[in-house]
Structure formats: C-alpha cells, structure tokens
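Here is the structure we will look at.
Start at 1 with the first residue, then count along the sequence.
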Amino acid sequence: MTESELPFEIQMLLIVLQLFALGVFLYLIWPNIKSEEWRKKFIENRTARSILIVFVLILLFVTGLGSFFDYFFPVERLK
C-alpha cells in the first residue's frame, strides 16, 4: 500500500503527528541550542567551517545528481 492509497484523514493524521513530534523535539532540545555559542564554535573555527562547506557542497551535488536522473531518466511504471 502506498501513501496515495491511504484515506485523506489518515494522511492528515500522520502529518499532524509528525509536526507534533517535531514540536516536542524542539521543545526538549531548545535549552541546549540556546546555551551554545554557535558562531564561535562553527563560523570562527576554520576547520569546522571548512567541513560545513564540504557537507553543503556534497548535499547540493547529490541533490542535483538525483534531480538530473529523475528528470532525464524517469522511472517507468509497469502495469
């Protein structure tokens, strides 16, 4: 069963459940996020900044490669 075969109410219930879980997660970790000195830890630290840049470039490359193959070589559905 795919998500398109689920009734609309169950789809909305799952979305609301995921948003609720995100809210609880942010509520639990917000004190830790607020107390950190993010700028000193990640931006002013040259090594950490370089690693973040590399991770972002890898993410963009993989996303672009996936989009390229999705567009030019779409999945053929067998019926």
Side-chain angles (χ1 to χ4, degrees):
M1 175 182 280
T2 64
E3 68 274 357
S4 61
E5 296 174 352
L6 288 175
F8 180 75
E9 295 82 15
I10 295 179
Q11 288 181 15
M12 289 300 116
L13 177 68
L14 291 173
I15 291 172
V16 168
L17 184 64
Q18 290 173 357
L19 290 174
F20 177 73
L22 176 66
V24 170
F25 175 74
L26 290 176
Y27 175 75
L28 292 174
I29 67 165
W30 186 252
N32 293 332
I33 291 175
K34 196 173 179 182
S35 66
E36 289 286 338
E37 296 179 9
W38 294 100
R39 181 165 181 82
K40 187 194 311 183
K41 199 175 214 179
F42 291 107
I43 305 302
E44 295 172 3
N45 184 349
R46 294 179 63 116
T47 305
R49 185 176 57 215
S50 300
I51 292 172
L52 284 175
I53 290 171
V54 168
F55 282 153
V56 168
L57 289 175
I58 290 171
L59 177 66
L60 290 175
F61 177 74
V62 169
T63 304
L65 200 60
S67 298
F68 172 81
F69 280 105
D70 284 343
Y71 183 75
F72 288 109
F73 304 104
V75 175
E76 295 180 13
R77 303 276 180 197
L78 300 177
K79 293 184 179 189

query = If you group Ile, Leu, Val, Met, Phe, Trp and Tyr by side-chain heavy-atom gaps below 4.5 Å, do Phe25 and Trp30 land in one group?
reply = yes
request  = Report whether Val56 and Val62 are members of the same hydrophobic cluster (ILVMFWY, side-chain heavy atoms less than 4.5 Å apart, transitive linking).
outcome  = no
task = Could you grab the distance from atom NZ of Lys34 to atom CD1 of Ile29, nearest 0.5 Å is fine?
result = 14.0 Å
query = Which atom pair, heavy atoms only, marks the closest approach of Lys41 to Asn45?
reply = O-CB, 3.4 Å
note = When rounded to the nearest 0.5 Å, the distance separating CG of Leu19 from CG of Leu14 is 11.0 Å
inquiry  = A quick test of your reading: do over 12 heavy atoms of other residues, nucleotides or ligands sit less than 6.0 Å from CZ of Phe55?
reply    = no
request  = Say whether Ile15 and Phe8 are linked into one hydrophobic cluster, either directly or through other cluster members, by side-chain heavy-atom distances under 4.5 angstrom.
outcome  = yes
query = Are Tyr71 and Phe61 linked, directly or through other ILVMFWY residues, by side chains that come within less than 4.5 angstrom of each other?
reply = yes
key: From CZ (Phe20) to CG (Leu17), nearest 0.5 Å   = 8.0 Å
request  = Could you grab the distance from atom CG of Leu52 to atom CG of Leu57, nearest 0.5 Å is fine?
outcome  = 11.0 Å
